[in-house]
Amino acid sequence: MVDSSYNNDYYEEEGSKNSIIKKIKISLGAICLTLSFIILLSLLSYFFTGKADQSLIDSGLSFSALGEESRNWLGIFGAFLSHYLIFVSFGISSFLLVPLLVVISIRLLFKTIIYPLSKISIFTFFGIIWISSILGFFLNLFPENYFLVNYTGGIGYNLSLFLNNLLGVSSIIILLLLLFLFIVFFYN
């Protein structure tokens, strides 16, 4: 009788590696989907409870702050997350993170491509930077506007200050040109 060259050990290892990779993909997909819901709920709640939670944010993250009650729908974690995303970093353009995370999670969980990941990533990162920059530019023009002060974000404001110092008033023209070029190249 002829001995088979089939090696069971080799193929069993390969199968276990594939199952581990599948488990990791499902886990990452679930994490992305959960994170997208957490970000969405905390950002939405910031519109209604951001001012009420300001004293909690100002006290810093400490054990005494953990004893205080947060008005954010997701508690203290949601208050700090939304404050960081909206007030400190990119402002209301942080909402663009949610569709990106949803597309990533659907791709990992269901192996379905609803939108190309490269396109939504480019759109998200351009949108976040451009929207926060243009809001920062308008904040420089209207420094007392409540909406712009609270929802522009620190990065957008500082980026607009940099552009304004570098290019002056023509920075708005550069931002509009960048938007035009993005639309031309992104949407053909």
Side-chain angles (χ1 to χ4, degrees), residues 23-110 112 114-115 117 119-164 175 179:
K23 289 177 185 178
I24 290 172
K25 284 183 179 181
I26 289 172
S27 299
L28 287 176
I31 289 170
C32 285
L33 189 61
T34 305
L35 189 60
S36 68
F37 284 123
I38 288 172
I39 289 173
L40 179 66
L41 288 176
S42 68
L43 293 180
L44 283 175
S45 178
Y46 185 82
F47 286 119
F48 305 110
T49 64
K51 193 168 238 176
D53 286 337
Q54 194 60 43
S55 63
L56 176 70
I57 300 297
D58 291 340
S59 68
L61 189 59
S62 64
F63 286 113
S64 63
L66 295 177
E68 294 181 32
E69 186 175 329
S70 172
R71 304 273 319 267
N72 192 292
W73 299 337
L74 296 178
I76 294 174
F77 175 73
F80 277 97
L81 177 67
S82 60
H83 175 77
Y84 179 76
L85 287 175
I86 289 183
F87 193 77
V88 175
S89 60
F90 292 109
I92 61 170
S93 62
S94 298
F95 275 100
L96 292 175
L97 290 172
V98 174
L100 174 67
L101 290 171
V102 168
V103 167
I104 290 171
S105 64
I106 288 174
R107 177 174 281 191
L108 290 172
L109 287 173
F110 305 114
T112 303
I114 58 172
Y115 203 76
L117 191 57
K119 281 194 166 205
I120 195 144
S121 298
I122 291 169
F123 179 80
T124 299
F125 295 126
F126 177 80
I128 286 174
I129 293 171
W130 190 85
I131 290 171
S132 62
S133 298
I134 199 81
L135 287 176
F137 178 79
F138 285 118
L139 180 60
N140 289 333
L141 293 177
F142 309 107
E144 299 299 320
N145 187 311
Y146 174 80
F147 179 81
L148 293 174
V149 167
N150 290 315
Y151 302 121
T152 296
I155 294 175
Y157 178 70
N158 289 326
L159 189 58
S160 69
L161 282 178
F162 171 74
L163 288 174
N164 199 20
L175 286 172
L179 177 64

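Worth knowing before you read on, the calculation uses all heavy atoms, side chains too, and leaves out hydrogens, waters and symmetry mates.
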- Can you check side chain to side chain contact (heavy atoms under 4.5 Å, CB included) on L33 and L108, steps first, answer last? CA-CA 10 Å; L33 189 61; L108 290 172; over 6 Å; no
- Output, in order, the C-alpha distance, side-chain angles, deciding distance and verdict of side chain to side chain contact (heavy atoms under 4.5 Å, CB included) for I26 and L109. CA-CA 5 Å; I26 289 172; L109 287 173; 4.0 Å; yes
- Assess whether side chain to side chain contact (heavy atoms under 4.5 Å, CB included) is satisfied between L40 and F95, documenting all intermediate values. CA-CA 7 Å; L40 179 66; F95 275 100; 4.0 Å; yes
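Side-chain atoms of S45 never come within 3.5 Å of backbone atoms of L41 as a donor-acceptor pair (strictly under, hydrogens ignored). A side-chain donor-acceptor contact under 3.5 Å links S132 to the backbone of I129.
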Would you be so kind as to tabulate the donor-acceptor pairs closer than 3.5 Å made by side chains of residues 73-89, with sequence neighbours excluded?
from	atom 1	to	atom 2	distance (Å)
S82	OG	N72	ND2	3.4
S82	OG	G78	O	2.8
S82	OG	A79	O	3.2
S89	OG	Y84	O	2.9
S89	OG	L85	O	2.9

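Atom OH of Y115 has more than 12 neighbouring heavy atoms from other residues, nucleotides or ligands inside a 6.0 Å radius. Crowding of F123 atom CZ: a count of heavy atoms from other residues, nucleotides or ligands under 6.0 Å not exceeding 12. When the shell of 6.0 Å around OH of Y157 is examined, it contains 12 or fewer heavy atoms from other residues, nucleotides or ligands. Heavy atoms from other residues, nucleotides or ligands lying under 6.0 Å from CZ of R107 number more than 12.
Between I92 and the choices L43, L135, N150, the side-chain contact (heavy atoms from CB on, under 4.5 Å) rule is met once, by L135.
Taking CD1 from I114 and CD1 from I106, the interatomic distance works out to 4.0 Å, rounded to the nearest 0.5 Å. Between atom OG1 of residue T49 and atom CZ of residue F47 there is a gap of 11.0 Å, rounded to the nearest 0.5 Å. Within the model, atoms OH of Y46 and OG of S94 stand 10.5 Å from one another, a figure rounded to the nearest 0.5 Å. Taking CD1 of I31 as the reference point, atom CG of L101 lies at 11.5 Å (rounded to 0.5 Å). Between atom CG of residue L175 and atom CG of residue L179 there is a gap of 9.0 Å, rounded to the nearest 0.5 Å. In this structure, the separation between CG on N140 and OG1 on T152 is 9.0 Å, given to the nearest 0.5 Å.
Looking at every heavy atom in both residues, V149 comes nearest to P143 through CG2-O, 3.3 Å. Here the shortest heavy-atom pairing between L100 and L117 reads CD1-CD1, 4.4 Å.
In this structure the side chain of I128 reaches within 4.5 angstrom of the side chain of L97, judged on heavy atoms.
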